[in-house]
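Labels below follow one simple rule: chain letters A, B, ... track the order of the sequence lines, proteins then strands, and each chain is numbered from 1.
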Amino acid sequence: MEKEIKQVIAEALSVLYEIKSSKDRIQIQKTRKEFAGDYTFNVFPFLKEIRKAPEQAGNEIGQFLVEKGGLVHAFNVIKGFVNLEIKQDNWIDILNTIAQSDFNLPEKNEKVVIEYSSPNTNKPLHLGHIRNNLLGDSLSRILKASGRDVIQVNLVNDRGIHICKSMLAWEKWGNGETPENAGLKGDKLVGNYYVKFDQENKKLVSDNNEETELLKEAREMLRKWEKGDEKVCALWEKMNNWVYKGFEETYKRLGITFDKIYYESETYKLGKDKVLKGLEKGILLQKDDQSVWADLTDHKLDEKILLRADGTSVYMTQDIGTAILRHQDFSPNKMIYVVGNEQDYHFTVLKIVLKKLGYEWSEFIEHFSYGMVELPHGKMKSREGTVVDADDLMEEVVAQARKMAEESDKLSYLSEEEKANVFELIGLGALKYYILKVDPRKNMMFNPEESVQLQGNTGPFIQYSYARSKSVLRKAAEQNIIIPERIDEGNPDEKEVQIIKLLADYKSVLEEAGKVMSPALIANYAFTLAKEFNQFYYDHAILKEENEQIRNLRLLITAVFGEVIKHALSLLGITSPERM
RNA sequence: GGUUCCGUAGCUCAGCUGGAUAGAGCACCAGAUUUCUAAUCUGGCGGUCCCAGGUUCGAAUCCUGGCGGAAUCACCA
């Protein structure tokens with residue numbers, strides 16, 4: 001719609017003032033509520049070229065548009081703002097068009113590999129991972145819907161000193177405990193030993209910089225692991241498998257999937273090789289203790305270690321390997337890393353080092369840097385027990401959804417299984433929306449009480465609006481009322497026009513969300529649309545409307561609304577319940 | 001200390017590449033259900049957009065400098 005308006009305004013500017021190719025500079029916005037009109041054109045940017053008073057120019061342009069016919073049938077000018085009223089037939093056309101379109105955008109011929117989740121296998125997933133997973137999942141969906149070829153990958157950090165800590169602690173104090181005999185999820189069990197290591201280690205430390213025997217043992221274990229020591233590797237494999245099983249459950253409940261899973265244990269060697277090659281070529285440098293470094297001072301950064309003196313790899317080394325492998329596997333034109341902004345530095349360095357090593361495609365790497373999750377009481381610290389566990393959190397939001405629903409006794413006619421299903425959708429809908437609605441780049445405050453809210457600006461509010469729309473359509477079917485696929489004429493009132501306008505915005509919102517990579521845009525749009533529908537629903541009879549023309553218009557609006565809101569929610573990974 | 005990001009209502013957040021009188025939700029107060037789902041709707045209360053300069057027809061938005069907060073500057077990942 002806005003495109004069409006820009007088109008005719010460009011024509012007006014050209015005919016009236018001989019201003020050519022002005023299209024990109026034309027500013028169109030929605031007319032504010034307090035004025036008559038649908039869209040508003042701002043003449044100020046063109047005033048110098050027009051060389052008339054704003055009101056006069058506005059009037060001339062408005063006059064031109066009305067006389068031209070077609071889109072605009074009336075206008076008013078306030079200061080430099082020309083408020084345009086769109087002819088009613090146009091709204092009907094637009095509604096029909098949306099009713100017939102699917103919502104996926106045309107192919108862009110762009111291949112994107114997106115990495116997210118990237119867990120460590122030494123402890124269970126927590127709230128921070130949830131934000132990461134939800135962002136990665138939603139982004140993937142948005143990128144796909146906006147016409148991109150998307151490959152979702154996970155990179156499991158299954159090696160390193162932290163894993164060895166859990167292993168060592170289990171060996172020393174585990175007494176053969178397993179997930180089965182302890183009745184504990186594998187990731188939780190391994191996490192417990194990570195904590196145990198820390199506790200025991202603390203007992204041995206008098207001042208913080210001291211390297212304890214225990215820590216030395218862990219380092220020794222890492223060295224053995226990198227050399228392929230049989231016993232260490234077997235233990236490593238056993239414990240990691242416990243963890244994977246646990247993660248799988250968590251992912252499944254969250255609704256997260258991957259096309260491919262990389263394991264750092266399988267990629268770090270490639271990184272090591274490439275680093276050593278870089279050293280041979282003189283791109284990297286070696287210090288007296290044999291450690292290998294990249295000199296980044298020409299980029300106004302420090303030096304960065306890539307291999308320790310004992311030859312073992314660090315995080316950067318394995319990430320170099322993973323990136324190279326990933327590029328070989330898919331040759332994408334974009335590699336997105338969904339990783340918290342605490343690692344901004346890591347990714348600037350990664351890109352530079354790859355470039356130094358001769359990989360021009362390092363420019364394709366895009367760090368999707370999202371903000372931290374904060375809690376009302378401060379940070380999450382595992383040592384202080386303030387970590388919000390992912391499984392616990394999901395359990396809690398679902399329980400809350402159940403509690404609320406049972407109070408209102410709405411779903412009593414459903415079977416227990418059906419009910420459980422609905423509570424699951426709603427609980428997770430609440431959690432996902434709560435996290436995705438905020439701008440991903442900003443730090444966010446996670447208030448546990450607010451996150452399970454079902455009223456106001458929440459996921460369930462939006463889900464409810466959908467359930468209502470479906471309820472109307474179901475009743476229509478029961479009464480043998482046909483839901484029109486299109487309508488020929490009608491006179492939408494103000495509220496109806498309002499919804500149609502919003503529905504018409506959906507594709508451009510999706511386009512924008514894909515461009516700037518922000519699920520929050522979709523979330524905010526969905527909320528606005530749902531609110532609009534609830535208002536419409538409140539004071540418009542739909543099925544009970546006797547005038548058939550009006551009823552059909554409203555039915556079509558209801559049906560189209562349902563489709564759009566369902567699609568939008570699906571991009572957030574939220575399921576729309578048929579009833580709730 | 002250097003670098004980066006952030007600062008909008010009591011709280012949590014919107015505010016697109018500068019545009020009209022800065023918007024939502026929560027909380028608080030007052031209302032709405034003989035009507036398709038009240039997990040809803042309507043109204044009220046609530047702001048020196050951190051501060052000070054600058055750019056211009058016009059600044060929450062752009063620039064500079066302060067103040068406040070966060071992250072990072074690891075042979076942890």
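If you measure from atom CG of A/Asn341 to atom C1' of B/U3, you get 14 Å, rounded to the nearest angstrom. For A/Arg474 and B/C36, the CZ to P distance is 14 Å, given to the nearest whole Å. One can place CD of A/Glu303 at 16 Å from P of B/C73, the figure rounded to the nearest angstrom. Rounded to an integer number of Å, the gap from CG of A/Leu301 to P of B/G2 is 17 Å. Here the P atom of nucleotide B/A74 and the CD atom of A/Glu342 are 15 Å apart, to the nearest Å. Between the C1' atom of B/C13 and the CG atom of A/Asn443 lies a distance of 14 Å, rounded to the nearest Å. With rounding to whole Å, A/Tyr538 atom OH is found 12 Å from B/U35 atom P. For the pair A/Glu532 CD and B/G25 P, the interatomic distance rounds to 12 Å; values are reported in whole Å.
Contact annotation for A/Glu264: backbone-only contact, meaning every heavy-atom pair under 4.0 Å involves sugar-phosphate atoms and none involves a base. Heavy atoms of A/Pro45 sit under 4.0 angstrom from at least one base atom. When heavy atoms are screened at a 4.0 angstrom cut-off, A/Arg219 is found touching the sugar-phosphate backbone but no base atom. Within 4.0 Å (heavy atoms only), A/Arg441 reaches no atom of the nucleic acid at all. Nucleic acid contact for A/Met580: base, since at least one base atom lies under 4.0 Å from a heavy atom of the residue. A/Thr458 comes within 4.0 angstrom of nothing in the nucleic acid, heavy atoms only.
For A/Phe81 and B/A20, the ring-to-base geometry satisfies the stacking test (centroid distance below 5.5 Å, interplanar angle below 30°). By the 5.5 Å and 30° criteria, A/Phe44 is not stacked with the base of B/G58.
Of the possible polar contacts, none joining the A/Thr312 side chain to the A/Arg308 backbone as a donor-acceptor pair under 3.5 Å is found. Judged purely by atom type and a 3.5 angstrom limit, A/Trp236 has no side-chain atom pairing as donor or acceptor with the backbone of A/Arg159. In this structure, the side chain of A/Ser471 does not engage the main chain of A/Ala467 through any donor-acceptor pair within 3.5 Å. Distance alone, capped at 3.5 Å, is enough to place a donor-acceptor pair between the A/Gln463 side chain and the A/Thr575 backbone.
Separation of the C1' atoms belonging to B/A9 and B/A22 is 11 Å when rounded to the nearest angstrom. Rounded to whole Å, the separation between the C1' atoms of B/U12 and B/G46 comes to 15 Å. With both ends at atom P, the span from B/C16 to B/C50 equals 14 Å, rounded to whole Å. Distance check on atom P: B/U40 versus B/A27 gives 10 Å, rounded to whole Å. Rounded to a whole angstrom, the distance from the C1' atom of B/A60 to that of B/U48 is 13 Å.
Base pairing analysis places B/U40 opposite B/A32; the two distances defining the Watson-Crick or G-U wobble pair are each below 3.5 Å. In this structure, B/A70 forms a base pair with B/U4, meeting either the Watson-Crick or the G-U wobble geometry with both donor-acceptor distances under 3.5 Å. B/C16: no Watson-Crick or G-U partner with both key distances under 3.5 Å is found in any strand. The nucleotide B/C45 finds no pairing partner, because no Watson-Crick or G-U wobble arrangement with both distances shorter than 3.5 Å includes it.
By the 4.5 Å heavy-atom criterion applied to side chains, A/Leu127 and A/Arg131 are not counted as neighbours.
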Please test A/Tyr464 against A/Phe533 for ring-ring contact (aromatic ring centres under 6.0 Å, His included), starting from the C-alpha separation and ending with a verdict. CA-CA 11 Å; A/Tyr464 179 68; A/Phe533 179 78; 9.9 Å; no
